[in-house]
S.K.: 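Below is the structure I would like to discuss, written out as C-alpha cells.
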Amino acid sequence: MASMVEENNGNAASQWAILGDDILNRITDRFDDIYDYARFGAVCKPWLSFSHRFYKHKHHLFRANHQLPLLVVPMQDHKEIRGLYNIAKDTLCNQIQFSLPYKRCCGSSHGWLFFVDNKSGQIELVLINPFASELEKSMIKLPPIQCDDGDRVMHMDEYGVNKAVLSKDPNDFPNDFEVIAIYGGTQTLTHYKSGNNFWSYPKPNKEIQTFADVIFYKGMAYAVDFHSWIVRIYRKRYKQRPGGNNSSPCYLRFKTINEGLSEYLWCNYSGNAYLVETSMGELLHVRRDYITMEERIRKDVEIEEMRKRARAEYEARTQEEHDQLREEISKIMDELENQKVEEYVEPDLSKDKEQELHKFDKPHLSVNFTVFKLNLPLSRGQKNIETLNGEILFVGDNHSVSVPSLRCPTLTPNSIYYTDDYVDVYFQNLAFGSCDTGVFNVENKKFGKHFVPSFSAKGMPPPIFVVPRYRCNAKRIV
C-alpha cells in the first residue's frame with residue numbers, strides 16, 4: 001500500500017511539472033505578492049524557472065506599480081535596521097529585516113530605495129536595492145546634481161532631494177533606465193539617463209517652477225506642481241552648450257497638459273500632489289491638503305487686505321522716498337551677490353530641533369484628498385472624480401502605486417493609503433514622530449489609520465512604501 005502511495009505521489013509530481021505555460025500563466029496572474037511566487041516556485045524546478053521568467057518580464061511590463069506594496073519601517077533600538085510591514089495582514093513580514101542608511105529615504109521605485117549621500121560636498125543620489133539577488137547590483141551611485149551655491153549649502157542633507165523615481169528596474173534594464181529627481185529648495189526637476197555622466201535641467205526661467213511629483217507613464221514622463229499645473233517632460237539637446245556651471249549637453253522642456261491655477265491664492269494651493277497610474281491604465285492626479293478650505297479662504301482675505309494697505313502706503317510715498325527705498329534695495333542686492341559662500345559643513349541641528357519642538361503643541365495632519373482623472377491621450381485637462389472604481393492608492397515619498405481591491409480584500413477599496421511626506425513641516429511633526437500616516441476613503445471622505453509608528457521611534461526615518469522584487473537578500477531574524 002505504501003508503495004502505491006509513493007508511486008502515485010511521483011506521478012502527481014511529474015504531472016505538475018509538465019503543465020503548460022498558458023496554465024501556469026493563469027495561476028501566477030492571480031498572485032498578490034512576492035510570497036505567492038516563492039511558494040509557487042517551491043513546487044518543482046520547472047515552476048521555479050517559470051516564476052522567475054514571469055516575474056521579471058510580465059510583472060515589469062504590467063504590475064511593477066500595481067502590486068501590493070510593503071512598508072519599510074524603522075525598528076526600535078536599531079538605527080540602521082529596517083523591517084517590512086504588510087498593511088494587508090497588519091504584521092511584520094516574518095521578521096525580515098535589512099540594513100539601510102540611518103536617514104530619510106527620498107524615493108522608492110521598482111524595488112530600489114533612494115538616499116542622499118550627504119558625506120559629499122554635492123547633492124549625490126545613491127540607489128540601494130535590498131531585494132537584489134547575489135548576481136544583481138544592490139547599489140548604484142549617480143553623478144552629482146548641480147545646483148547654485150546657496151541651494152547647495154542649504155539643502156545638502158537628507159532633504160536635499162524631495163523625491164526621485166525610476167523608469168525601469170536597472171537590474172532588468174541596465175542600459176535603458178532613467179531617473180527624474182525633484183531637488184533643492186525650489187523643488188526643481190532634473191533628469192538622468194543610464195550611461196550618461198550628467199543630469200539634464202530645465203532652461204533658466206524667470207518664473208520658479210516648483211514640482212511635487214513625477215511619473216513615467218506609457219513611455220513618457222509627467223510632472224505636477226502644487227497648483228495643478230501638469231506637464232509632459234522632454235529632453236532636448238542644446239545646439240550650443242550654455243556657459244556657467246551647467247555642463248549638461250541636454251535640457252528639459254515642458255509641454256502643458258493641464259493649466260495650473262493662480263499661484264497667488266491659497267485656495268488653489270495643495271500641500272502635496274501625486275500622479276498615479278491605475279491598473280486600468282488611467283492617469284490620476286491626487287491633491288493632498290493640510291489646511292482646510294475655510295482656513296485657506298481666510299488667508300486669502302487677509303492677504304488681499306495686506307495688499308490694499310501696501311498699495312495705499314505706496315501711493316502715499318513721495319518720489320524722494322521711492323528713490324531712497326530703491327537705493328537701499330540695490331545696496332542689499334549688491335551685498336548678496338558679492339557674498340562668498342563658505343565650504344559646506346554638516347550642521348548640528350540638535351539645538352535647533354529642541355528649540356523648534358517647543359513651538360508646536362500639535363502635529364500637522366492631512367485634512368483632505370481630492371482626485372482628478374486626466375483626459376489623456378485624447379485631450380488636455382482633467383475632471384474631478386468621487387470614486388476610484390475599486391482601486392486602492394498608495395502615496396508618499398514612494399513612486400505612487402495603484403492596486404485593484406480584489407488583490408487585497410482586507411484593505412478598504414476606493415481609498416488612499418498615505419505616509420508622512422510633508423517636508424515643510426518636518427520640525428513641527430518631529431516631536432510627535434512620523435504621525436501623518438493613514439487612510440482616506442474617497443467616497444465617504446472619512447479618515448482611518450494603518451501602520452502607526454511607535455512614539456519611541458519619533459526621531460527615526462519615516463516609513464515609506466516599496467514594491468519588493470521576487471528574490472530577497474534581506475536578513476531573516478528568527
Side-chain angles (χ1 to χ4, degrees), residues 106-107 147 151 161-165 167 178-191 199-236 251-278 282-291 293 296-297 299-300 303 366-385 393 395-400 402 416 418 421-424:
C106 61
C147 52
D151 213 26
V161 173
N162 291 68
K163 192 169 189 176
V165 300
S167 63
E178 301 170 58
V179 178
I180 295 183
I182 302 172
Y183 75 99
T186 56
Q187 295 179 247
T188 307
L189 285 184
T190 184
H191 173 274
W199 291 79
S200 300
Y201 309 87
K203 284 186 174 180
N205 194 308
K206 293 181 180 179
E207 297 181 3
I208 297 177
Q209 298 166 329
T210 302
F211 289 96
D213 195 17
V214 64
I215 189 173
F216 288 94
Y217 172 72
K218 294 186 177 181
M220 299 295 297
Y222 296 84
V224 60
D225 77 350
F226 298 91
H227 295 86
S228 296
W229 182 46
I230 301 175
V231 298
R232 184 181 294 142
I233 307 167
Y234 298 91
R235 192 175 83 152
K236 298 288 186 180
Y251 66 94
L252 301 182
R253 178 173 162 267
F254 304 136
K255 179 181 179 181
T256 297
I257 301 301
N258 186 71
E259 296 290 347
L261 303 171
S262 171
E263 299 182 5
Y264 301 103
L265 294 175
W266 271 95
C267 290
N268 297 335
Y269 174 78
S270 63
N272 220 328
Y274 312 94
L275 294 174
V276 194
E277 179 183 3
T278 70
E282 298 174 331
L283 186 59
L284 303 182
H285 166 211
V286 179
R287 287 168 58 94
R288 180 175 179 175
D289 296 320
Y290 303 95
I291 304 175
M293 180 57 73
R296 284 184 282 168
I297 291 174
K299 285 177 175 288
D300 284 334
I303 292 172
S366 301
V367 297
N368 188 47
F369 286 81
T370 312
V371 184
F372 302 86
K373 183 173 74 172
L374 295 179
N375 298 326
L376 297 173
L378 300 177
S379 62
R380 303 200 314 175
Q382 62 182 10
K383 64 177 181 180
N384 183 225
I385 57 176
L393 309 185
V395 300
D397 287 321
N398 58 289
H399 191 155
S400 302
S402 175
I416 301 171
Y418 59 93
D421 65 348
Y422 191 30
V423 176
D424 288 349

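Residue numbers count from 1 along this sequence.
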S.K.: Take Tyr418 and Phe369 through the ring-ring contact (aromatic ring centres under 6.0 Å, His included) test and state the conclusion after the steps.
M.R.: CA-CA 10 Å; Tyr418 59 93; Phe369 286 81; 5.0 Å; yes

S.K.: Are any non-hydrogen side-chain atoms of Phe216 and Ile180 less than 4.5 angstrom apart?
M.R.: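 The answer is yes; the side chains approach within 4.5 Å.
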
S.K.: If you look at every heavy atom in Ile230 and Leu374, which pair is closest and at what distance?
M.R.: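 Nearest pair, atom of Ile230 first, then Leu374: CD1-CD2, 3.5 Å.
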
S.K.: Flag the pair Lys163 / Phe211 as yes when at least one side-chain heavy-atom distance between them is below 4.5 Å, and no otherwise.
M.R.: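 No - every pair of side-chain heavy atoms lies 4.5 Å or more apart.
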
S.K.: Give a yes or no answer on whether the side chain of Asn258 reaches the backbone of Ser228 with a donor-acceptor pair at less than 3.5 Å.
M.R.: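 Confirmed, Asn258 side chain pairs with Ser228 backbone.
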
S.K.: Using side-chain contact (heavy atoms from CB on, under 4.5 Å), reason through Val179 and Trp199 one step at a time and then give a plain yes or no.
M.R.: CA-CA 9 Å; Val179 178; Trp199 291 79; 3.9 Å; yes

S.K.: Side chains of Tyr290 and Ser366: closer than 4.5 Å at any heavy-atom pair?
M.R.: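 Yes. Closest side-chain heavy atoms under 4.5 Å.
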
S.K.: Flag the pair Met293 / Asn368 as yes when at least one side-chain heavy-atom distance between them is below 4.5 Å, and no otherwise.
M.R.: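 Sidechains of Asn368 and Met293: no contact.
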
S.K.: Could you check if a side-chain atom of Ile233 sits within less than 4.5 angstrom of a side-chain atom of His191, using non-hydrogen atoms only?
M.R.: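 Side chain of Ile233 against side chain of His191, heavy atoms only: no contact under 4.5 Å found.
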
S.K.: Go through Asp289 and Arg296 one step at a time and tell me if the side-chain contact (heavy atoms from CB on, under 4.5 Å) criterion holds.
M.R.: CA-CA 10 Å; Asp289 296 320; Arg296 284 184 282 168; 3.4 Å; yes

S.K.: So Tyr217 and Leu376, do their side chains get closer than 4.5 Å, heavy atoms only?
M.R.: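 Of all side-chain heavy-atom pairs linking Tyr217 with Leu376, at least one is under 4.5 Å.
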
S.K.: Can you name the closest pair of heavy atoms from Asn268 and Arg287 and give their distance?
M.R.: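 What the structure gives for the nearest pair is O-NH2, 3.0 Å.
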
S.K.: Output all residues satisfying side-chain hydrogen bond (donor to acceptor under 3.5 Å, both in side chains) with Tyr222, sequence neighbours left out; order by chain, then residue number.
M.R.: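 Testing Tyr222 for side-chain hydrogen bond (donor to acceptor under 3.5 Å, both in side chains), a comparison that skips the adjacent residues, returns Arg232.
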
S.K.: Any side-chain heavy atom of Ile215 within less than 4.5 Å of one from Leu283?
M.R.: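 Answer yes - side chains close enough.
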
S.K.: What heavy-atom pair brings Ser400 and Tyr274 nearest, and what distance separates the two atoms?
M.R.: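 Closest heavy-atom pair between Ser400 and Tyr274: OG-CB, 3.8 Å.
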
S.K.: Would you give the length of the straight line joining atom CG of Leu252 to atom OH of Tyr201, rounded to the nearest 0.5 angstrom?
M.R.: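 If we round to the nearest 0.5 Å, Leu252:CG and Tyr201:OH are 9.5 Å apart.
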
S.K.: What heavy-atom pair brings Ile297 and Cys267 nearest, and what distance separates the two atoms?
M.R.: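 Minimum heavy-atom separation between Ile297 and Cys267: CG1-SG, 3.6 Å.
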
S.K.: My understanding is that only one of Leu189, Thr188, Asn162 makes a side chain to side chain contact (heavy atoms under 4.5 Å, CB included) with Tyr183; could you say which?
M.R.: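 Output: one option passes, namely Thr188.
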
S.K.: Check whether Ser270 reaches the backbone of Arg288 with its side chain - one donor and one acceptor, N or O, closer than 3.5 Å.
M.R.: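 Such a contact is absent between Ser270 side chain and Arg288 backbone.
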
S.K.: Taking atom CG of Leu393 and atom CD of Glu277, what is their separation to the nearest 0.5 Å?
M.R.: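 Atom-to-atom, Leu393:CG and Glu277:CD are 12.0 Å apart.
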
S.K.: Do you know which two heavy atoms are closest between Val161 and Cys106, and how far apart they sit?
M.R.: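 Result for this residue pair: O-CB, 3.2 Å.
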
S.K.: Ignoring hydrogens and geometry, is there a side-chain-to-backbone donor-acceptor pair from Ser167 to Glu178 under 3.5 Å?
M.R.: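 Yes, because the side chain of Ser167 sits within donor-acceptor range (under 3.5 Å) of the backbone of Glu178.
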
S.K.: Minimum heavy-atom separation for Ala212 to Asn272, with atom names?
M.R.: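 That would be CB-OD1, 3.8 Å.
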
S.K.: Using a 4.5 Å cut-off on heavy atoms from C-beta on, say whether the side chain of Leu284 contacts that of Ser402.
M.R.: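 Not in contact.
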
S.K.: So if I apply the side-chain hydrogen bond (donor to acceptor under 3.5 Å, both in side chains) rule between Glu259 and each of Arg380, His227, Gln382, which one comes out positive?
M.R.: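 Single pass found, and it is Arg380.
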
S.K.: Among Phe226, Phe372, Trp229, find the residue that satisfies the ring pair (Phe, Tyr, Trp, His ring centres under 6.0 Å) test when tested with His285.
M.R.: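 Between His285 and the candidates, ring pair (Phe, Tyr, Trp, His ring centres under 6.0 Å) is satisfied uniquely by Phe372.
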
S.K.: Once rounded to the nearest 0.5 Å, what's the spacing between atom CG of Asp421 and atom CG of Asn398?
M.R.: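 Result: 8.5 Å between the selected atoms.
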
